[in-house]
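One-based numbering, in listed order, for ligands and for the atoms of each. We number each residue from 1, following the sequence as shown.
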Amino acid sequence: MDVKDNLKAINEEIEAVTAHPPTVIAVTKYVTIDRAQEAYDAGLRHFGENRIEGFLEKKAALPQDATFHFIGSLQTRKVKEVINEVDYLHSLDRQSLADEIEKRAVHTIRCFVQVNVAGEDSKHGFAPEEVMSFVEGLKDFEKIEVVGLMTMAPHIEDQTQLRTYFAELKRLQQKIAALGQLNAPCTELSMGMSNDYLSAISEGSTFIRIGTKLVG
Ligand SMILES: *Cc1c(COP(=O)(O)O)cnc(C)c1O
């Protein structure tokens with residue numbers, strides 16, 4: 001399927017559930033540069049990659065006005081290779097990563113704190129009850145701006161259950177925003193993938209990360 005047709009179908013579904021459409025991030029980790037370019041030509045301007053190699057390759061190939069999101073787990077020793085190329089980091093998931101970013105970044109990095117909403121062993125991220133104190137501990141960090149929270153929900157079909165996870169992330173986002181911490185506006189929610197984006201949007205998602213259903 002053309003990316004254009006996929007995007008049109010997705011946008012129609014989104015418009016049916018919300019008056020405030022989220023930003024669509026095209027997750028191009030499975031596809032070639034040509035396919036990523038097709039997504040750009042279809043009008044998409046936000047791109048997500050989860051590995052450094054693919055990230056740098058796609059960023060170099062696409063036009064300058066594309067925005068690049070690093071969505072994968074980032075090893076501490078690899079931070080220096082990529083952090084200054086990143087427009088948004090969706091996977092701030094531990095203190096040691098924050099410390100390394102503070103050391104290596106030359107400008108402020110817009111970060112999402114990753115939350116493991118369902119407590120799955122296979123997933124990275126803070127437990128919901130840990131997020132608040134982690135963010136408060138970043139108060140004096142000059143290179144980190146906590147723009148929001150991110151989660152990867154469990155791979156299940158039960159949309160009612162999924163919505164409870166997304167609603168929990170939204171409550172947590174509002175609590176952190178209410179701190180009024182200068183480097184943690186925390187206004188954004190990065191939640192929703194191919195199998196659950198409509199549920200995520202219904203619960204207030206502002207960025208959805210779509211791979212399979214958009215670019216294949
Ligand atoms: C791969 C990936 C996605 C996209 O997943 P799809 O199910 O293909 O839409 C979204 N977020 C993260 C963090 C990913 O690694």
* Answer yes or no for R45 and Y40: cation-pi contact, defined as NZ/CZ to six-membered ring centre under 6.0 Å and angle to ring axis within 45°. => yes

* ligand 1 contact on K29 by region, counting heavy-atom pairs under 4.0 Å ->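 Near ligand 1, K29 shows its side chain, while the N, CA, C and O stay back.
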
* To do: Please say which of F68, Y88, F55, F70 ends up in a ring pair (Phe, Tyr, Trp, His ring centres under 6.0 Å) with F47.
  =>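 So, applying the ring pair (Phe, Tyr, Trp, His ring centres under 6.0 Å) to F47 and each of F68, Y88, F55, F70, only F68 qualifies.
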
* Asked: What are the atoms of ligand 1, with element, lying closer than 4.0 Å to any heavy atom of T212?
  ->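 Heavy-atom distances to T212 below 4.0 Å select 6 (P), 7 (O), 8 (O), 9 (O).
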
* **Ligand-side contact atoms (ligand 1) for residue partner I210, heavy atom cut-off under 4.0 Å** =>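 Going through ligand 1 atom by atom, the ones under 4.0 Å from I210 are 9 (O).
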
* Pull out every atom of ligand 1 sitting under 4.0 Å from any heavy atom of Y30, numbered as shown with elements. =>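 Ligand 1 atoms under the 4.0 Å threshold to Y30: 1 (C), 5 (O), 6 (P), 8 (O).
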
* **Ligand-residue contact atoms, ligand 1 with M193, heavy atoms, under 4.0 Å** =>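 This gives 3 (C), 5 (O), 7 (O), 10 (C), 11 (N) as the contact atoms.
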
* Asked: Side-chain heavy atoms under 4.5 angstrom apart, residues restricted to Ile, Leu, Val, Met, Phe, Trp, Tyr: same cluster for L172 and Y165?
  ->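 Same hydrophobic cluster.
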
* Report, as yes or no, whether the 6.0 Å neighbourhood of atom NE2 on H107 holds more than 12 heavy atoms from other residues, nucleotides or ligands. =>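 Check passes, neighbour count above 12.
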
* Best match, I71, V27, V215: closest heavy atom to atom 12 (C) of ligand 1 ->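 Considering heavy atoms of I71, V27, V215, the nearest to atom 12 (C) of ligand 1 sits in I71.
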
* Considering residues at least two apart in sequence or located in another chain, which fulfil the salt bridge (charged side-chain N to carboxylate O under 4.0 Å, His left out) criterion with E57? ->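 Scan of E57 (salt bridge (charged side-chain N to carboxylate O under 4.0 Å, His left out), adjacent residues dropped) gives none.
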
* Under 4.0 Å to a heavy atom of R209 - the qualifying atoms of ligand 1, by number -> 4 (C), 9 (O), 10 (C), 11 (N), 12 (C), 13 (C)

* Evaluate salt bridge (Lys or Arg N to Asp or Glu O under 4.0 Å) for R163 paired with E203, printing each intermediate quantity in order. => CA-CA 7 Å; R163 283 181 69 148; E203 298 300 337; 2.8 Å; yes

* To do: Quick one: which residue pairs count as a side chain to side chain donor-acceptor pair (under 3.5 Å) with a foot in residues 26-39, not counting sequence neighbours?
  =>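 Only T28-E49, R35-E38, Q37-D41 qualify under side chain to side chain donor-acceptor pair (under 3.5 Å).
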
* Just distances here: any N/O of M152 and N/O of ligand 1 closer than 3.5 Å? ->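 No; the residue has no nitrogen or oxygen that sits under 3.5 Å from a nitrogen or oxygen of the ligand.
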
* Protein residue, atom and distance nearest to atom 9 (O) of ligand 1, heavy-atom basis ->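 In this structure, atom 9 (O) of ligand 1 has S194 OG, 2.6 Å as its nearest protein heavy atom.
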
